[in-house]
Amino acid sequence: MKGVTSVTVSVPLTIRRRGGRKQIIGPDGAVARQGECGAGVVPVRGDPALIKALARGFRWRRMLEEGRYASISEMAKAEGVERGYVGSLLRLTLLAPPMVEAILAGRQPEGVTLPALLEGVPVGWGEQRNAHC
């Protein structure tokens with residue numbers, strides 16, 4: 001189709017707490033050890049709360065797209081969280097892919113924090129870049 005552009009960002013990861021530290025477990029189940037990286041495994045360097053919020057947002061979006069829930073309200077009730085919180089995290093899935101990558105790598109601009117992003121995110125990716133540089 002002409003003029004239609006679609007970008008999908010998929011983040012297949014699991015975050016586990018081990019001895020007070022957080023690790024990312026890759027889809028193959030491999031665990032990164034400090035100072036080394038296995039295939040598909042990256043140690044957590046970014047803000048754990050922000051990374052968890054992104055992961056939840058993308059998970060919830062996928063669940064809605066797959067039809068597991070008919071509405072945000074239904075999902076919020078099933079997940080045991082407020083509807084507004086679900087909506088806020090779903091808005092994080094509108095972040096530009098370079099911003100998502102920067103957050104996961106711990107390289108996001110200084111003002112990019114979970115509270116700041118929950119206040120609102122410009123929809124346009126260019127606007128996001130200008131707002132958070």
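When the side chains of ILVMFWY residues are joined at heavy-atom separations under 4.5 Å, either directly or via intervening members, Leu92 and Met75 end up in a single hydrophobic cluster. Under a hydrophobic clustering in which Ile, Leu, Val, Met, Phe, Trp and Tyr are joined whenever their side-chain heavy atoms come within less than 4.5 Å, directly or via other members, Leu94 and Ile72 fall into different clusters.
Summarising the geometry of Arg107 relative to Glu101, their closest heavy-atom pair is NH2-O, 4.0 Å, with the distance given to 0.1 Å. For Ala76 against Val86, the heavy-atom pair with the smallest separation is CB-CG2, 3.8 Å. Nearest heavy-atom pair across Ala53 and Leu114 is CB-CD1, 3.6 Å. Taking every heavy atom of both residues into account, Ala116 and Gly111 meet most closely at CB-O, 3.4 Å.
More than 12 heavy atoms of other residues, nucleotides or ligands sit less than 6.0 Å from atom CD of Glu74.
Between Leu89 and Leu118 the shortest side-chain heavy-atom distance falls below 4.5 Å. Annotation: side chain of Val112 is not in contact with side chain of Asp47 (no heavy-atom distance under 4.5 Å). In this structure, Ile51 and Leu104 have side chains that are in contact, with non-hydrogen atoms separated by less than 4.5 Å. A 4.5 Å side-chain heavy-atom check between Arg56 and Val81 finds at least one atom pair inside the cut-off.
Note that CD of Glu79 is 5.0 Å distant from OH of Tyr69, once rounded to the nearest 0.5 Å. Taken to the nearest 0.5 Å, the CD atom of Gln108 stands 8.5 Å off from the CG atom of Leu117.
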